[in-house]
Enquirer: 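Okay, handing you the structure first.
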Amino acid sequence: MNEVTRAIADFISGETGLSADELHRWIEVPRDPQWGDYAFPCFTLSRTMKKSPQNLAREIVLKFKPAGLLADCTTAGAYINFRIQREVWAEIVLQRIFFEGPGYGQSLEGAGKRILIEFSSPNIAKPFHVGHLRSTIIGHALCQIFERRGYDVVRLNHLGDWGKQFGEVITAFKRWGSLEQLEAKPLKHLLEVYSRFHQESKDEEPLHEEARGWFRKLEEGDPEARSLWSRFREISVEEFKRLYKFLGITFDSYEGESFYQDWLPGLIERMRGTGLLIESQGAWVVPLEAYQMPPALILKTDEATLYLTRDIAAAEYRFEKWDFAKMIYVVGVPQRLHFQQLFKVLELMGYEWSKRLAHVDFGHVLGMSTRRGEVVFLQDVIDEAVQRAERVIEERGEDKEARIGKILEKERKNIARAVGLGAIIFNDLRTKRTKDVEFDWDRILGFEGATGPYCQNAHVRCCGIMRKYSGEVMAAVDYGVLASDEELDLIKRLREFPEVIERAAAEYEPSVIAVYMLELAMSFNVFLARHRVLGEEKRVTQARVLLTHGVKRVLAACLEILGMEALERM
RNA sequence: GCGCCUGUAGCUCAACCGGAUAGAGCAACAGCCUUCUAAGCUGUAGGCCGGGGGUUCGAGUCCCUCCAGGCGCGCCA
């Protein structure tokens with residue numbers, strides 16, 4: 001919905017007597033811009049009007065008179081193709097961006113509403129690998145998107161810091177670890193003993209028995225277990241925070257699974273009291289057969305709690321604390337059933353707010369093994385990407401220097417970091433989140449074509465032009481000179497931005513922003529290849545500077561949403 | 001076995017909740033920098049939209065079925 005489609009719907013409504021809102025939904029953008037800027041297919045309309053679609057189209061077109069935003073209107077079979085009055089359209093769009101400033105694209109839809117977004121949530125004592133990255137950057141992008149929709153966003157990092165796995169870590173550390181080594185290289189040592197547990201516990205039931213025992217002790221408050229656990233947690237969180245800082249991501253809460261332990265006994269009591277919990281094979285479950293789901297396991301035979309139990313507690317606690325309008329869980333698709341069960345159990349517990357919960361799932365990262373057959377650590381990917389970016393800067397050094405002058409060493413480091421990271425982030429966010437993504441070094445480390453750096457580069461080119469423009473950017477320009485197809489294309493895309501954010505929020509889908517940003521960057525590069533901004537006739541330069549300014553604004557907004565740096569030079 | 005998801009160019013992905021001739025990028029080939037950043041632009045080549053039925057004026061998109069792959073299905077998270 002924009003000013004043009006509104007005008008089209010009003011015009012056809014006037015000719016047919018049907019409601020403009022109903023007609024509006026049929027309006028589309030022709031595949032080939034040669035046909036027109038917007039089109040209205042008459043097929044469905046012809047049924048209610050009892051006329052052939054072609055005749056209907058012709059009749060409507062005969063009534064058309066150019067006015068306001070609509071310059072022209074023709075038929076092509078059953079289609080009515082409209083052409084925009086470019087000058088008027090350019091003025092509406094560019095003035096809006098100019099005057100709204102950074103607020104362009106934002107809305108008040110979520111004003112007064114709070115949304116909780118749980119994302120990233122890595123497991124303590126486990127390496128942060130490229131698989132975890134998806135939740136982190138998808139979640140971060142969603143936070144940015146919902147903030148622009150006016151919501152009060154609360155960022156939750158539901159750390160995996162509780163459960164049998166800590167029994168495993170403690171078992172491993174008691175057997176093979178040492179305090180000296182833990183002091184010297186904390187995380188490395190932790191990973192060493194933990195992976196050793198995995199290797200040796202394959203067919204060793206006693207080891208698992210021991211691990212379960214330690215976790216039970218942990219839940220019972222055993223001092224030794226507690227002290228080890230809290231040291232391990234500290235070490236990991238420190239490492240995670242360093243990484244988040246590097247990524248430019250913050251959280252409002254690091255209340256992980258362990259946080260809810262005091263809540264659990266009361267929860268179990270209440271669930272037993274309502275008769276929701278029943279004993280089954282020695283464990284306690286909520287039967288869900290009636291909803292075509294396997295039973296939800298709440299308490300193990302040894303009375304220890306499970307992931308699901310803690311998630312129920314977390315939901316209750318969060319609703320009490322934050323009174324959210326929405327809460328979304330950015331967690332991988334393998335856990336879909338888990339969340340279906342969670343939401344159903346909460347509903348059965350009588351919480352009307354269970355309807356406000358959503359699982360925002362995403363596909364797995366496949367085949368991310370190195371030659372040694374291990375998972376790829378995020379840190380390694382980042383290092384490799386940054387190094388690769390440094391090499392590119394090195395290779396193009398002379399060429400760049402001739403164009404933009406010497407870049408200081410410090411700035412070069414920052415550019416390499418931003419570009420390397422930009423490539424990784426964009427690669428993850430450009431596809432629909434539910435798709436599995438193939439881990440491919442070449443793809444992640446490519447900086448040309450449909451990549452993050454391509455988009456960053458388009459922004460940089462805007463900056464270059466604005467930097468060299470000596471005049472003042474102003475909204476009072478001669479919009480008539482923005483008459484080329486390339487300029488119209490840019491203006492159309494710029495106008496889409498608010499709707500793009502709206503769609504991204506409605507679908508919990510950051511890729512909508514990524515794809516849009518890429519297309520805007522492409523349009524801008526094509527525009528620059530065919531037209532000059534600076535050094536033209538004054539009124540032309542003024543108008544194109546305003547256009548460039550608009551592109552820069554929107555590109556910068558997209559980059560910020562996705563968590564990528566909008567560089568000035570690169 | 002049951003359930004959910006995914007099959008579009010050699011590869012990685014689009015296609016605006018049914019519309020006109022299915023679009024990009026990578027890889028390949030051929031061009032374009034004495035003027036705003038060449039991390040760029042232009043061109044060539046590349047397709048039975050997994051197969052088969054159906055609904056419709058109209059299907060990559062909806063329904064059925066088959067095939068292939070992924071994920072999940074009580075004491076892990």
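In what follows, every chain begins at residue 1, and chains take the letters A, B, ... in the order their sequences are listed.
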Enquirer: What distance, rounded to whole Å, do you find between the two P atoms, one in B:rG23 and one in B:rU42?
Expert: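 It comes out at 16 Å once rounded to the nearest Å.
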Enquirer: How would RNA chain B look in dot-bracket form, 5' to 3', counting Watson-Crick and G-U wobble pairs with both distances under 3.5 Å and writing | for bases paired to another strand?
Expert: (((((((..((((.....[...)))).(((((.......))))).....(((((..]....))))))))))))....
Enquirer: Using atom C1' in both nucleotides, what's the gap between B:rU61 and B:rA15 to the nearest angstrom?
Expert: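 It works out to 9 Å between them.
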Enquirer: Report the distance from atom CG of A:L299 to atom C1' of B:rG74, rounded to the nearest whole Å.
Expert: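 Taking CG of A:L299 and C1' of B:rG74, I get 12 Å after rounding.
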Enquirer: Thinking salt bridges, do A:E209 and A:R212 make one under a 4.0 Å N-O criterion?
Expert: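 A salt bridge links A:E209 with A:R212.
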Enquirer: Report the distance from atom CE of A:M522 to atom P of B:rA24, rounded to the nearest whole Å.
Expert: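 Going from CE in A:M522 over to P in B:rA24 covers 9 Å.
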Enquirer: State which residues pass side chain to side chain contact (heavy atoms under 4.5 Å, CB included) with A:P33; sequence neighbours excluded, sorted by chain then number.
Expert: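 With sequence neighbours excluded, A:P33 shows a side chain to side chain contact (heavy atoms under 4.5 Å, CB included) to no residue whatsoever.
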Enquirer: Give a yes/no verdict on a cation-pi contact between A:R388 and A:F447, requiring under 6.0 Å between NZ or CZ and the six-membered ring centre and an angle within 45° of the axis.
Expert: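 Positive - A:R388 is close enough to the ring of A:F447 and near enough to its axis.
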Enquirer: Could you tell me whether B:rG51 is syn or anti, where syn means a glycosidic angle within 90 degrees of zero?
Expert: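 Anti, which is what one calls it when the glycosidic angle falls more than 90° from 0.
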Enquirer: Tell me if the side-chain of A:N525 makes a donor-acceptor pair with the base of B:rA39, cut-off 3.5 Å, by modelled atom types.
Expert: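 In this structure, the two groups form no donor-acceptor pair.
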Enquirer: By nearest atom, which of the nucleotides B:rC75, B:rA39, B:rC57 is closest to the A:N457 side chain?
Expert: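 Selected nucleotide: B:rA39.
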Enquirer: Provide a list of protein-nucleic acid N or O atom pairs under 3.5 angstrom, restricted to nucleotides 27-36 of chain B.
Expert:
{"unit_1": "B:rU35", "atom_1": "O2'", "unit_2": "A:R532", "atom_2": "NH2", "d": "3.3"}
{"unit_1": "B:rC36", "atom_1": "O4'", "unit_2": "A:R532", "atom_2": "NH2", "d": "3.4"}
{"unit_1": "B:rC36", "atom_1": "O3'", "unit_2": "A:K468", "atom_2": "NZ", "d": "2.8"}
{"unit_1": "B:rC36", "atom_1": "O2", "unit_2": "A:L534", "atom_2": "N", "d": "2.8"}
{"unit_1": "B:rC36", "atom_1": "N3", "unit_2": "A:V533", "atom_2": "N", "d": "2.9"}
{"unit_1": "B:rC36", "atom_1": "N4", "unit_2": "A:L528", "atom_2": "O", "d": "3.3"}
{"unit_1": "B:rC36", "atom_1": "N4", "unit_2": "A:H531", "atom_2": "O", "d": "2.3"}

Enquirer: Taking the six-membered ring for Trp, is the centroid-to-centroid distance between A:W162 and A:Y307 below 6.0 Å?
Expert: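 Not under 6.0 Å, so no.
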Enquirer: Quick one: does any side-chain atom of A:E496 pair with a main-chain N or O of A:Y516 as donor and acceptor, under 3.5 Å?
Expert: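 No; judged by distance alone, with no hydrogens or angles, the pair does not exist.
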Enquirer: Polar atom pairs between nucleotides 46-49 of chain B and protein, under 3.5 Å, N or O only, would you list them?
Expert:
none

Enquirer: For nucleotides B:rA22 and B:rC66, find the distance between their C1' atoms and express it as a whole number of Å.
Expert: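 It comes out at 25 Å once rounded to the nearest Å.
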Enquirer: Roughly how far apart are A:R233 CZ and A:F166 CZ, rounded to 0.5 Å?
Expert: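 Nearest 0.5 Å value for the CZ-CZ distance: 8.5 Å.
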Enquirer: Ignoring backbone atoms, establish whether A:Y454 has a side-chain N or O less than 4.0 Å from OP1 or OP2 of B:rC41.
Expert: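 Checking A:Y454 against B:rC41: at least one side-chain N or O falls below 4.0 Å of OP1 or OP2.
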Enquirer: Measure from the ring center of A:F339 to the ring center of A:Y329 and say whether it is less than 6.0 Å.
Expert: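 Judged by ring-centre distance (under 6.0 Å), A:F339 and A:Y329 do meet the cut-off.
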Enquirer: List the atom of A:E289, the atom of A:P287, and the distance in Å for their closest heavy-atom pair.
Expert: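 Taking every non-hydrogen atom into account, OE1-CB, 3.2 Å.
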Enquirer: Can you name the residues that form a side chain to side chain contact (heavy atoms under 4.5 Å, CB included) with A:A416, not counting sequence neighbours?
Expert: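 A:A416 satisfies side chain to side chain contact (heavy atoms under 4.5 Å, CB included) with A:V386, A:A389, A:E390, A:I393 once adjacent residues are dropped.
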Enquirer: Measure CD/A:Q341 against C1'/B:rG72 and give the value in whole Å, please.
Expert: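 Value for this atom pair: 10 Å.
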Enquirer: Would you tell me if any nitrogen or oxygen in the side chain of A:R530 comes within less than 4.0 Å of OP1 or OP2 on B:rU42?
Expert: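 It does, given that an N or O in the side chain of A:R530 lies less than 4.0 Å from OP1 or OP2 of B:rU42.
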Enquirer: So what does A:Y307 hit on the nucleic acid, given a heavy-atom distance under 4.0 Å: a base, only sugar-phosphate, or nothing?
Expert: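 Result for A:Y307 = base.
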Enquirer: Any idea which heavy atoms bring A:I501 and A:G105 closest together, and the distance?
Expert: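 Closest pair (atom of A:I501, atom of A:G105, distance): CD1-O, 3.4 Å.
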Enquirer: Please report, rounded to the nearest Å, how far the C1' atom of B:rA77 is from the NZ atom of A:K300.
Expert: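 Atom-to-atom, A:K300 to B:rA77, this comes out as 11 Å.
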Enquirer: Using atom CG of A:D32 as one end and atom P of B:rA20 as the other, report the distance to the nearest whole Å.
Expert: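 About 11 Å, once rounded to whole Å.
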Enquirer: Checking A:F197 now: which residues fulfil ring-ring contact (aromatic ring centres under 6.0 Å, His included) with it, not counting sequence neighbours?
Expert: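 A:F197: ring-ring contact (aromatic ring centres under 6.0 Å, His included) contacts with A:H208.
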Enquirer: Considering residues at least two apart in sequence or located in another chain, which fulfil the side chain to side chain contact (heavy atoms under 4.5 Å, CB included) criterion with A:A314?
Expert: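 Once residues adjacent in sequence are excluded, the partners of A:A314 under the side chain to side chain contact (heavy atoms under 4.5 Å, CB included) criterion are A:H158, A:Y260, A:R318.
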Enquirer: What is the separation between atom CD1 on A:I415 and atom C1' on B:rU37, rounded to the nearest whole Å?
Expert: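 Roughly 11 Å, once rounded to whole Å.
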Enquirer: For A:V419, which contact category applies under a 4.0 Å heavy-atom criterion: base, sugar-phosphate, or nothing?
Expert: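 Base, at least one base atom sits under 4.0 Å.
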Enquirer: Once you apply a heavy-atom cut-off of 4.0 Å, does A:N81 come out as touching a base, just sugar-phosphate, or nothing?
Expert: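 It contacts base atoms.
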Enquirer: In whole angstrom, give the distance that lies between atom CZ of A:F43 and atom C1' of B:rC57.
Expert: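 Rounded to the whole Å, the gap is 7 Å.
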Enquirer: Across the strands shown, which category fits A:I393 at heavy-atom distances under 4.0 angstrom: base, sugar-phosphate, nothing?
Expert: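 Base contact.
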Enquirer: Across the strands shown, which category fits A:E568 at heavy-atom distances under 4.0 angstrom: base, sugar-phosphate, nothing?
Expert: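 It contacts base atoms.
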Enquirer: Any salt bridge between A:D302 and A:R216, counting N to O under 4.0 Å?
Expert: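 Salt bridge: yes.
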Enquirer: Would you classify A:I404 as touching base, sugar-phosphate or nothing, given that sugar-phosphate means primed atoms plus P, OP1 and OP2, and contacts are heavy atoms under 4.0 Å?
Expert: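 Counting heavy atoms under 4.0 Å across all strands, the contact made by A:I404 includes a base.
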Enquirer: When you match A:H338 and A:L297 each to their closest nucleotide on RNA chain B, which lands nearer the 5' end?
Expert: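 This one resolves to A:L297.
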Enquirer: Would you measure the distance from the C1' atom in B:rC11 across to the matching atom in B:rC4 and give it in whole Å?
Expert: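 Comparing C1' positions in B:rC11 and B:rC4 gives a spacing of 27 Å.
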Enquirer: Closest to the A:Q165 side chain: B:rU42, B:rA77, B:rA39?
Expert: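 It is B:rA77.
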Enquirer: Does the B:rG74 base have a donor-acceptor partner in the side chain of A:S280 within less than 3.5 Å?
Expert: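 Indeed, a donor on one side and an acceptor on the other fall under 3.5 Å apart.
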Enquirer: Within the 4.0 Å heavy-atom criterion, would you say A:R391 contacts the bases, only the backbone, or no part of the nucleic acid?
Expert: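 Answer is nothing: A:R391 stays at 4.0 Å or more from every strand.
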Enquirer: How is A:P334 classified with respect to the nucleic acid when contacts are heavy atoms under 4.0 Å: base, sugar-phosphate, or nothing?
Expert: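 If one applies the 4.0 Å heavy-atom cut-off, A:P334 turns out to touch the sugar-phosphate alone, with no base involved.
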Enquirer: Can you check the distance between B:rC13 and B:rU6, where both ends of the measurement are the C1' atom (answer in whole Å)?
Expert: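 Approximately 13 Å lies between the C1' atom of B:rC13 and that of B:rU6.
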Enquirer: Report the residues that fulfil ring-ring contact (aromatic ring centres under 6.0 Å, His included) with A:F40, sequence neighbours left out, ordered by chain and then residue number.
Expert: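 So A:F40 forms no ring-ring contact (aromatic ring centres under 6.0 Å, His included) with any residue.
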Enquirer: Write out all pairs satisfying side chain to side chain donor-acceptor pair (under 3.5 Å) with one or both partners inside residues 25-37 of chain A, taking only residues at least two apart or from two chains.
Expert: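 Of all non-adjacent pairs touching residues 25-37 of chain A, those that pass side chain to side chain donor-acceptor pair (under 3.5 Å) are A:D37-A:K492.
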Enquirer: Nearest whole Å is fine: how far is B:rC26 P from A:L518 CG?
Expert: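 Those two atoms, CG and P, are 11 Å apart.
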Enquirer: Any chance you could list the contact pattern along nucleotides 8-18 of chain B? Use B for base contacts, S for sugar-phosphate-only contacts and - for none, protein heavy atoms under 4.0 Å, 5' to 3'.
Expert: ----BSSSB--
Enquirer: With sequence neighbours left out, what residues match A:S470 under side chain to side chain contact (heavy atoms under 4.5 Å, CB included)?
Expert: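 Applying side chain to side chain contact (heavy atoms under 4.5 Å, CB included) to A:S470 gives none.
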Enquirer: Using a 4.0 Å heavy-atom cut-off across all strands, classify A:A39 as base, sugar-phosphate, or nothing.
Expert: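 Touches a base.
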Enquirer: Mind checking if A:Q335 touches a base, just sugar-phosphate, or nothing, with heavy atoms under 4.0 Å?
Expert: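 Since a base atom lies under 4.0 Å of A:Q335, the category is base.
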Enquirer: Suppose we screen for side-chain hydrogen bond (donor to acceptor under 3.5 Å, both in side chains). Which residues come up paired with A:T75, at least two apart in sequence or across chains?
Expert: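 Partners of A:T75 by the side-chain hydrogen bond (donor to acceptor under 3.5 Å, both in side chains) criterion come out as none, since no residue qualifies.
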Enquirer: May I ask you to say what A:Q281 touches in the nucleic acid, namely base, sugar-phosphate or nothing, with a heavy-atom cut-off under 4.0 Å?
Expert: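 Base: the residue A:Q281, judged by heavy atoms under 4.0 Å, touches a nucleobase.
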Enquirer: So which nucleotide from B:rG74, B:rU37, B:rC76 ends up closest to the side chain of A:R212?
Expert: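 Closest nucleotide among those given: B:rC76.
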Enquirer: Taking the minimum atom-to-atom distance to the side chain of A:R467, which one of B:rG74, B:rC75, B:rU37 wins?
Expert: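 Selected nucleotide (nearest to the side chain): B:rU37.
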